[in-house]
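Scroll down for the structure; my scribbles are underneath it.
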There are 2 protein chains.
Amino acid sequence: MGRTDSDFGRILRQNGLKNTRPRAAILDILSGEGQPLTAEELFSRLQERVVSVNLSTVYRALEALCDKELVTKLTIKDDSRALYELKRMIHRHHLICLGCKRITSIGRCPLEGYEKRLASETDYVIEGHNLDVYGYCPDCRVNGLNA
Amino acid sequence: MGRTDSDFGRILRQNGLKNTRPRAAILDILSGEGQPLTAEELFSRLQERVVSVNLSTVYRALEALCDKELVTKLTIKDDSRALYELKRMIHRHHLICLGCKRITSIGRCPLEGYEKRLASETDYVIEGHNLDVYGYCPDCRVNGLNA
DNA sequence: TTGGATGCAAAAGTTTTGCACGGTT
DNA sequence: AACCGTGCAAAACTTTTGCATCCAA
């Protein structure tokens with residue numbers, strides 16, 4: 001089965017956060033979800049699981065989880081809402097379908113040596129980067145969807 | 001000197017938009033500005049120029065300009081507000097200083113061949129990408145600023 | 001027990017919209 | 001003159017916050 005509910009409890013405690021039902025459930029949902037979710041979507045998922053929780057608690061939990069670097073907050077083009085996903089150890093990028101809006105992860109980062117080059121060119125200290133690729137997934141491509 | 005005010009009028013008309021003072025002024029401001037601005041910042045710049053305009057007009061003008069692809073809308077990490085910049089013919093990326101939040105453009109795109117490779121790997125039709133690099137500019141690096 | 005976490009309600013911040021009026025073509 | 005653009009006010013939407021209460025450690 002992999003992770004049990006108490007795993008998340010331990011992770012929370014290890015990070016100096018109290019093991020509460022909303023927080024553990026949020027980690028559980030995000031770990032099962034293949035793609036980033038908005039706070040509102042997480043709130044819905046929680047209600048489906050009959051986890052009684054307030055939307056502001058979701059925001060506060062996500063803020064705490066981001067602070068501890070257990071969760072990553074991100075935004076994509078043409079959507080003002082923030083998205084949240086489980087933070088991965090491995091550096092990853094997003095491939096976003098312009099048709100169905102599904103977000104998948106890209107494993108290999110094509111910018112390995114690039115940051116060093118850029119640093120010497122610009123005299124910046126580079127801390128990191130964000131790369132999102134946009135396109136149409138096989139399904140939307142076939143169906144010729146354009147929105 | 002370069003562009004005069006009437007240049008923007010012509011551009012607007014060529015794109016099927018009426019040449020109005022707020023729109024021309026917005027294009028003028030964006031063309032003079034080295035970095036993307038929020039709607040609110042544009043609104044302030046307009047007031048400084050004694051261009052009487054309403055904030056909702058700024059939003060509507062920006063929407064129209066984005067529709068005509070004269071302006072690009074973007075967002076960066078850790079800021080929920082949208083930014084707007086003049087659309088460039090040449091594909092560019094952003095280098096964002098985590099200290100002073102200044103945004104500069106990166107000319108050369110390091111992802112030339114990458115999209116093709118990704119397309120064949122994922123079976124997506126790639127339409128484009130977005131790359132932002134984060135770091136500290138020479139000033140902020142020296143001063144050790146961290147916010 | 002005690003400080004952190006939550007619920008609720010209200011506020012804040014950004015962006016959008018309805019409608020009447022005004023300006024460009 | 002016709003239609004698009006604008007101002008104003010209100011609404012919509014996302015996110016944050018104050019405060020009393022509750023709960024995990």
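- Between B:Thr20 and A:Leu17, it is B:Thr20 whose nearest contact on DNA chain D lies nearer the 5' terminus.
- Remark: the A:Arg60 side chain and the C:dG7 base include a donor-acceptor N/O pair separated by less than 3.5 Å.
- Each end of the helix from C:dT1-D:dA25 to C:dT25-D:dA1 gets its own axis, taken as the rotation carrying the C1' atoms of four end pairs onto the next four within a five-pair window, and the two axes meet at 40° to the nearest 10 degrees.
- Checking C:dT15, D:dG7, C:dT6 against the side-chain heavy atoms of A:Pro22 singles out C:dT6 as nearest.
- The CG atom of A:Leu55 sits 13 Å away from the C1' atom of C:dA9 (whole-angstrom rounding).
- The structure places NE2 of A:His91 at 12.5 Å from CZ of A:Arg88, a figure rounded to the nearest 0.5 Å.
- Contact annotation: side chain of B:Lys18 to base of D:dC3, donor-acceptor pair present below 3.5 Å.
- A:Asn15 pairs in a side-chain contact (heavy atoms from CB on, under 4.5 Å) with only one of the listed residues (A:Lys68, A:Glu69, A:Arg10), which is A:Lys68.
- Note: CZ (B:Arg21) to P (C:dG22) measures 19 Å, nearest angstrom.
- Following rounding to the nearest Å, B:Asn15 (CG) and D:dC4 (P) show an atom-to-atom distance of 16 Å.
- For A:Asn54, whose side chain is taken as the heavy atoms from C-beta onward, the closest listed nucleotide among D:dC8, C:dG7, C:dT14 is C:dG7.
- Spacing between atom CZ of A:Phe43 and atom C1' of C:dC8 amounts to 12 Å, rounded to whole angstrom units.
- No salt bridge links B:Glu85 with B:Arg92; every basic N to acidic carboxylate O contact stays at or beyond 4.0 Å.
- For the segment residues 62-73 of chain A, no residue has any heavy atom less than 4.0 angstrom from an atom of DNA chain C.
- In this model, the phosphate group of D:dG7 is approached by a side-chain N or O of B:Thr57 to a distance below 4.0 Å at OP1 or OP2.
- At distances below 3.5 Å, at least one donor-acceptor pair connects side-chain atoms of A:Gln35 with backbone N or O atoms of A:Ile103.
- Within 4.0 Å of A:Ala82, counting heavy atoms only, lie sugar-phosphate atoms of the nucleic acid but no base atom.
- A salt bridge does not link A:Asp79 to A:Lys101: none of the charged nitrogens lies less than 4.0 Å from a carboxylate oxygen.
- Remark: P of D:dC23 and CG of A:Leu12 are 18 Å apart, rounded to the nearest angstrom.
- Distance, B:Arg13 CZ to C:dG23 P: 18 Å, rounded to whole Å.
- Side-chain proximity of B:Tyr59 to the nucleotides C:dT16, D:dA25, D:dT14 is greatest for C:dT16.
- Residues A:His93 and A:His129 meet the side-chain proximity criterion, which asks for heavy atoms closer than 4.5 Å.
- Taking all atoms of both residues into account, the shortest heavy-atom contact from B:Ala39 to B:Val58 is O-CG1, 3.8 Å.
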- Determine, stepwise, if the pair B:Tyr124 / A:Arg141 fulfils side-chain contact (heavy atoms from CB on, under 4.5 Å). CA-CA 7 Å; B:Tyr124 270 56; A:Arg141 176 165 61 78; over 6 Å; no
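- Rounded to an integer number of Å, the gap from CD of A:Glu41 to P of D:dC13 is 15 Å.
- Between B:Glu40 and A:Gly16, the one whose closest nucleotide on DNA chain C sits nearer the 5' end is A:Gly16.
- Nearest heavy-atom pair across A:Leu111 and B:Pro110 is CD2-CG, 3.5 Å.
- The base of C:dC8 sits with one of its N or O atoms less than 3.5 Å from a complementary donor or acceptor on the side chain of A:Ser56.
- Classification of B:Arg102 and B:Asp139 as a salt-bridged pair fails, no side-chain N sitting under 4.0 Å from a carboxylate O.
- Separating the CD atom of A:Gln47 from the C1' atom of C:dT6 is a distance of 15 Å, rounded to the nearest angstrom.
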